[in-house]
Amino acid sequence: MNLSARLNRLEPSATLAMSQKSAELKAQGIDIINLSVGEPDFNTPDAIKAAAHKAIDDNYSRYSPVPGYPVLRQAIVDKLKRENGLDYTPAQILCSNGAKQSVCNVIMAIVGEGDEVIIPAPYWVSYTQMVKLADGEPVIVPAGIDQNFKITPAQLEAAITPRTRAFILCSPSNPTGAVYSHSELQALAEVFKKHPDIIVLSDEIYEHINYVGSHASIAQIDGMKERTVIINGVSKAYAMTGWRIGFIAAPEWIVKACNKLQG
Ligand SMILES: Cc1ncc(COP(=O)(O)O)c(C=O)c1O
């Protein structure tokens, strides 16, 4: 009774293990501040709850289209325009069961055996495991407190090899809270210009939990939208972690690939 090599390679989520530990300590009456899972400190807003009640009453309870209902994809297009100044079409949007599945879909769709994926550290622990699950190799680029937890263009350039397939950017960052400014993203984009085959996964799930100023997306920089996959969802912004709704906004060929996988 053997497990697959793929599963054996996988380390269980360190975040969930920490969360479990904190629950155990709390149960023993110990005063614990749990900084593990990114659970907002408010509840899902009432208007959203009311809309969900209505959706259940209206029988929105059957199989939905694989990429998400057209009205939902349109609402995401409208959000990207309104909040991020980005033009997408519904065909460039794919909804999934949380941003976690969105990230995993993209990695499974574009990363193959031996492909390298650059991940700045400290990082959300799931990224490396997902890359390993796809038979790829995480390439970790450290960015300590001395550089505000942000990598420099020189570090990015040095990490790129002919095998580099993707780069994962998380801004605002889990776990550090670091936020890349528009000009910092522009400087990274200058490096990507020299390497046109690298796809950027821009995880923007913490867009609205930002303590340093306005949010910038690397997709806003000239030439980047065509090779960027924006990852976002409602978990953090609207305290809907248990609802499991995430999405990608990406070039159509990537959306089609993820749709195929998800289907
Ligand atoms: C950086 C990052 N990306 C994505 C996710 C996944 O969010 P979701 O609840 O939409 O799956 C998390 C959740 O903790 C996260 O920290």
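Every number for a ligand or one of its atoms is a count from 1 in the order of the listing.
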Measure the distance from atom 15 (C) of ligand 1 to every protein heavy atom, then report the residue, atom name and distance (to 0.1 Å) of the closest one.
Trp124 CE2, 3.5 Å
If we ignore angles and hydrogens, is there a donor and acceptor under 3.5 Å between the side chains of Glu204 and Ser217?
yes
Shortest protein contact, atom 3 (N) of ligand 1 (heavy atom only)
Asp203 OD2, 2.6 Å
For ligand 1, which is the ligand I care about here, please tell me if Lys236 has any N or O atom under 3.5 Å from one of the ligand's N or O atoms.
yes
May I ask you to decide if Ala239's main-chain N or O and Thr44's side chain share a donor-acceptor pair within less than 3.5 Å?
yes
Pick one of side chain, backbone, both or neither for how Tyr127 approaches ligand 1, counting any non-hydrogen atom pair under 4.0 Å.
side chain
May I ask you to check if ligand 1 and Ala99 share an N or O to N or O distance below 3.5 Å?
yes
Are Arg163 and Glu137 within salt-bridge range, i.e. N to O under 4.0 Å?
no
Decide yes or no for Asn232 and Leu80: does some side-chain heavy atom of the first lie under 4.5 Å from some side-chain heavy atom of the second?
no
Under 4.5 Å between any side-chain heavy atoms of Val117 and Ile107, yes or no?
no
For Cys170, take its heavy atoms, then give the atoms of ligand 1 lying under 4.0 Å from any of them.
1 (C)
Spell out, as yes or no, whether a donor-acceptor pair under 3.5 Å connects the side chain of Glu11 to the backbone of Gln129.
no
Should Lys100 be counted as touching ligand 1, given the test is an N or O pair under 3.5 Å?
yes
Need the ligand 1 atom indices (1-based, order shown) with element for anything under 4.0 Å from a heavy-atom of Asn174.
1 (C), 15 (C), 16 (O)
Electrostatic pair Asp222:Lys193 at N-O distance under 4.0 angstrom
no
With heavy atoms of Gly98 as the reference, note each atom of ligand 1 found under 4.0 Å away.
10 (O), 11 (O)
Arg244 neighbourhood, listing ligand 1 atoms whose heavy-atom distance to it stays under 4.0 Å:
8 (P), 9 (O), 11 (O)
Numbered atoms and elements of ligand 1 in range of Ser235, under 4.0 angstrom, heavy atoms:
8 (P), 9 (O), 10 (O)
Residue Ile205 vicinity, atoms of ligand 1 by number, heavy atom under 4.0 Å:
1 (C), 2 (C), 3 (N), 4 (C), 10 (O), 15 (C)
Could you tell me how the ring of Tyr60 sits relative to the ring of Tyr69: parallel (under 30°), tilted (30 to 60°) or perpendicular (over 60°)?
perpendicular
